[in-house]
Every structure is written in C-alpha cells, then in structure tokens.
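All remarks here apply to the structure that follows.
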Amino acid sequence: MAAHQARLTDEEIVVDLAVVMSAGQLPAAYWISNTLRLMLVDGRFSLTLSGGRRSIGHALDEVVWQDPPIQNFPARWAARATELGGQRIALGDMLLLGLAGANTDPAVCSALALDATGNRAHMSFSHGEHRCPDPAQEIAEVVARTAVEVLLDRLPDVTLAVDADSLRWTPSPWLRGLATLPVIFTPA
Ligand code: HEM
C-alpha cells in the first residue's frame, strides 16, 4: 500500500489496513471452524488426512454454500429508485445483503445445493465492485484449507468433546461462527 502509485496518505493506509484486518480475520476463522464442525458432526466426512483430502474440499465448499461466515452484510444505499424482486426501492433506501439466504433460495439453487463441490456460483463473498477482493478470496481458501489439513495431520484422532447439539453460535445477525469448538485429541 505504501508503495502504490496512487500515493495513499498515512491516514488512508491506516483505514485500509483496518478494513483488511477486520474483513479478513473473523470470516476466515469462521470458515475454518464451521468446516471443522461439519467434519466432526457429519459422518459423510472422513477425518483422517489420508482418507480426507477430498472430504476437506467438499466440506469447505459445503460450508461456503450452506453455512457461510458472513450471513448478512450491512449495508448498501440505493443510488437511484429501482425495483428488485417485485419490491420498490427508493433513492437512498438502505439495503441489507442476505448472502446466506441468496445461496439457499430454493427458487434458484435447489439442484446446486445438493452437490456444491467445486461450484463457485454462491454469494458468500458478495458480488460487484465491493465484493471480497479476488486475491483475498484465494488467500482465504488457502488459509482455510491449510488450517484444516494441518490440524487433521497433527491431530488425527480429534473428536468432538460435547454433544453436537450443545455447540453455541456467537449471537450475531451478520456473522456465523461458533463461540467455542471443544475437542478431544491425543497430544502429538
Ligand atoms: C484472508 C481473508 C480475507 C481477507 C483479507 C478479506 C478482505 C476483504 C476486504 C478488504 C473486503 C472489503 C472490500 C471492499 O470494501 O471493497 C472484504 C469484503 C468482504 N468479504 Fe472478505 N476477506 C477475507 C475472507 C473472507 C471470507 C472467508 C469471506 C466469506 C466466506 C469473506 C466475505 C466477504 C464479504 C461478504 C465482503 C463484503 C462485500 C460487500 O461489501 O458486498 N471474506 N473482504
């Protein structure tokens, strides 16, 4: 940023860094923990790394479709009056993006949702000019995949320490992530 030809001021760099850190940290952490939760509670997924590489990709894809870290995103303001899905939107109206709802809208994606593996047509990174930047999406996927792979490599017998039903989600209208994910494992 400091070397960019646009010559950002120090203040602009600080604001941009804050956006990158706040936009990146929790969503990536929740992508990892939601994927681990799914693999720990759902018998379709193999928990051993040797049997599980395909499982990890499948679980990451399923989470980003069905259980995405950012469920709803505030906020957009309409730059002109328009109509969307039969609803009138006036100039200046505030719009909340229902990303998770869009992914699972039965009118558009019931067939996709059945097998989302490798399908990137979801809305979990939003869409348009202010979507999660493409390089950030790629970094997030590398980080999440590596985290799950390394965890299963180092702790191959990891299992859930509590009933799946007792896992608590952090209360938030925007983000979807667990407060804790208690597990048992043999120390390596
Ligand atoms: C390395 C991790 C990540 C980084 C560095 C990162 C970075 C960013 C940045 C800088 C923005 C602001 C873009 C803008 O305002 O123009 C953004 C927006 C966003 N990111 Fe990410 N992100 C990361 C991971 C994720 C993950 C894992 C998800 C969800 C699966 C996600 C979903 C979003 C969404 C929904 C937005 C809002 C887009 C909008 O305003 O419509 N991001 N991200």
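Here the structure is a predicted model, which means the values were calculated and not measured. Counting starts at 1 for both ligands and their atoms, in listed order.
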Derivation of the side chain to side chain contact (heavy atoms under 4.5 Å, CB included) call for N72 and L97: CA-CA 5 Å; N72 301 303; L97 309 184; over 6 Å; no

Do [X] and [Y] land in one hydrophobic cluster if side-chain heavy atoms of ILVMFWY residues count as linked below 4.5 Å?
X	Y	answer
F185	L151	yes
M123	V63	no
V41	F45	yes

Which residue and atom name correspond to the protein heavy atom nearest [atom], and how close is it?
atom	result
atom 16 (O) of ligand 1	H130 ND1, 2.9 Å
atom 12 (C) of ligand 1	V19 CG1, 4.0 Å
atom 29 (C) of ligand 1	S124 O, 3.5 Å

Just let me know how F73 lines up against ligand 1, side chain, backbone, both or neither, with a heavy-atom cut-off below 4.0 Å. side chain

Once you restrict to heavy atoms under 4.0 Å, what part of R131 touches ligand 1? Side chain, backbone, both or neither. backbone

Using a strict cut-off of 4.0 Å, indicate which atoms of ligand 1 neighbour a heavy atom of [X].
X	result
W31	27 (C)
S126	35 (C), 38 (C), 39 (C), 41 (O)
P69	30 (C)
L97	41 (O)

Residues [X], [Y]: salt bridge by 4.0 Å N-O rule:
X	Y	result
R37	D67	yes
R120	E141	yes
R44	E62	yes

Residue-ligand contact R76/ligand 1, heavy atom below 4.0 Å: yes

Taking the non-hydrogen atoms of L99, is any one of them nearer than 4.0 angstrom to ligand 1? yes

So the protein N/O/S atoms within less than 2.8 Å of atom 21 (Fe) of ligand 1 come down to C132 SG

Using every non-hydrogen atom in the two residues, find where L152 and L47 come nearest and quote the distance to one decimal. CD2-O, 3.4 Å

